[in-house]
2 protein chains.
Amino acid sequence: MRFSVQAEEALRRGGRRITPMRRALLLLLEEKKPLGPRELHRELRRRGVLVDRVSVYRNVATLLSLGLVHRVLGSTAVRPCAQRSPSCHHAIVCTSCGAAREFRSGAVEKALAALRVRAPGFVVQGHLLELRGLCQRCTA
Amino acid sequence: MRFSVQAEEALRRGGRRITPMRRALLLLLEEKKPLGPRELHRELRRRGVLVDRVSVYRNVATLLSLGLVHRVLGSTAVRPCAQRSPSCHHAIVCTSCGAAREFRSGAVEKALAALRVRAPGFVVQGHLLELRGLCQRCTA
DNA sequence: GCGTAGATGCAACAGAGTTGCATCTAGAAA
DNA sequence: TTTCTAGATGCAACTCTGTTGCATCTACGC
Ligand SMILES: [Mn+2]
Ligand SMILES: [Mn+2]
Ligand SMILES: [Zn+2]
Ligand SMILES: [Zn+2]
């Protein structure tokens with residue numbers, strides 16, 4: 001199902017409202033490239049949605065708190081969460097154009113689960129993992 | 001070998017100088033807890049090293065560019081690089097006290113290498129991986 | 001249509017990091 | 001030891017990002 005539709009449902013379920021700005025924001029996020037609050041703000045204005053910076057920040061925070069988007073590691077950009085299931089999933093981000101894509105890998109999950117057991121003096125709770133690479137467009 | 005000694009050698013090799021502030025900075029970094037530029041600045045001042053914020057920023061940048069420290073994911077804090085070899089190594093960070101430790105895992109390296117092959121439309125170049133957990137002190 | 005919880009706009013603020021430039025000094029060479 | 005200079009530091013001003021408080025507005029359930 002389309003991200004923006006799912007997201008609107010989740011917002012409703014969470015007692016939040018569907019406003020024109022939120023609709024526009026969700027559509028923007030649906031595109032392949034993760035954007036940070038400032039970029040989202042600029043893009044929205046460019047598209048005629050004359051919204052305040054502060055509101056963009058607040059809406060990004062809302063989407064993050066509902067788990068509808070994830071932050072790209074090492075930046076403030078956010079990307080839609082594709083896998084609605086609560087299971088483990090990771091992303092690969094294009095180092096050239098910034099495009100991101102979520103994926104799952106049993107092998108990686110297994111390796112990380114194994115680490116969880118024989119950790120070097122630590123009790124493992126979780127992890128951050130993100131791949132870097134070149135998307136199809138940027139490879140060609 | 002001690003981190004600060006290795007680091008001084010690397011600085012010399014890179015044509016950089018060993019200043020009182022750099023010595024103090026390297027000693028600070030040697031402690032288990034990663035700190036960001038502002039925290040490093042505060043700590044240095046507390047210890048009587050009356051240095052300017054800007055210089056701390058510049059020195060952190062220098063150490064990063066020489067690969068002597070790594071940033072903790074999702075923060076500006078840096079931690080010493082323990083494995084001087086160019087091989088793959090990762091860190092685990094205590095969610096309670098912030099202590100960090102580098103480690104290696106053949107299993108994880110293998111799983112990531114495998115991913116590299118059958119990536120979903122991407123040409124994989126690298127990855128970011130960091131574990132989160134509780135260190136020995138914080139577990140007890 | 002109402003009423004209200006939730007959303008937005010506006011203005012002021014806070015914090016992190018950067019830049020330019022003058023001055024200083026670590027370390028090498030004489 | 002003295003001299004020289006590339007590299008390091010201090011200082012001040014600035015930019016950029018994100019936050020807070022409060023008044024106003026509106027989505028949406030009734
Ligand atoms: Mn996800
Ligand atoms: Mn390292
Ligand atoms: Zn790309
Ligand atoms: Zn700890």
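A, B, ... follow the sequence lines: proteins, then strands. Residue 1 opens every chain. No hydrogens, no waters, no symmetry mates; every other heavy atom, side chains included, goes into these values. All of these numbers come straight from a predicted model, not from anything done at the bench.
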**OP:** Would you mind classifying the nucleic acid contact of G36(A) as base, sugar-phosphate or nothing, using non-hydrogen atoms under 4.0 angstrom?
**Re:**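 No contact at all - G36(A) keeps every heavy atom at 4.0 Å or more from the nucleic acid.
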Original post:
Which part of the nucleic acid, if any, lies within contact of V54(A), taking any heavy atom under 4.0 Å across all strands shown: a base, the sugar-phosphate backbone alone, or nothing?
Top reply: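 Base: the residue V54(A), judged by heavy atoms under 4.0 Å, touches a nucleobase.
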Original post:
Which nucleotide sits closest to the side chain of Y57(B): dC28(D), dA16(C), dT17(D)?
Top reply: dA16(C)
Subject >> D52(A) side chain, from C-beta outward: closest of dA13(D), dG9(C), dA16(C) >> reply: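 Closest of the options to the side chain of D52(A): dG9(C).
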Can you tell me how far [atom2] of [N] sits from [atom1] of [X], to the nearest Å?
X	N	atom1	atom2	result
R12(B)	dA8(D)	CZ	C1'	15 Å
R42(A)	dT17(D)	CZ	C1'	12 Å
E39(A)	dT17(D)	CD	P	9 Å
R53(B)	dT19(C)	CZ	C1'	13 Å
N59(A)	dT19(D)	CG	P	13 Å
R45(B)	dT9(D)	CZ	C1'	13 Å
L35(A)	dT17(D)	CG	C1'	16 Å
E9(B)	dG27(C)	CD	P	14 Å

Original post:
Considering heavy-atom distances to DNA chain D, does P37(A) or L50(B) have its closest nucleotide positioned more toward the 5' end?
Top reply: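 In this pair, the answer is L50(B).
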Any donor-acceptor pair, under 3.5 Å, between the side chain of [X] and the base of [N], if you only look at N and O atoms?
X	N	answer
R38(B)	dG15(C)	no
R58(B)	dG10(D)	yes
R17(B)	dA6(D)	yes

Subject >> E30(A) and R2(A), any side-chain heavy atoms less than 4.5 Å apart >> reply: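 Heavy-atom side-chain distance check passes, below 4.5 Å.
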**OP:** Could you tell me whether a side-chain N or O of R132(B) sits under 3.5 Å from a main-chain N or O of T95(B), the two making a donor and an acceptor?
**Re:** no
Original post:
Is a side-chain N or O of E102(B) found less than 3.5 angstrom from the main chain of A91(B), in a donor-acceptor match?
Top reply: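 No, the answer is negative, given that no donor and acceptor are paired below the 3.5 Å cut-off.
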Under 4.0 Å from OP1 or OP2 of [N]: is there any side-chain N or O of [X] that close?
X	N	answer
T76(A)	dG18(D)	yes
T19(A)	dT26(D)	no
S55(A)	dA7(C)	no
R16(B)	dA8(D)	yes

Original post:
Does a donor on one side chain and an acceptor on the other come within less than 3.5 Å for H127(A) and H90(B)?
Top reply: no
**OP:** Output the distance between atom CZ (R101(A)) and atom SG (C135(A)), rounded to the nearest 0.5 Å.
**Re:**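 Between R101(A) CZ and C135(A) SG, I get 10.0 Å after rounding to 0.5 Å.
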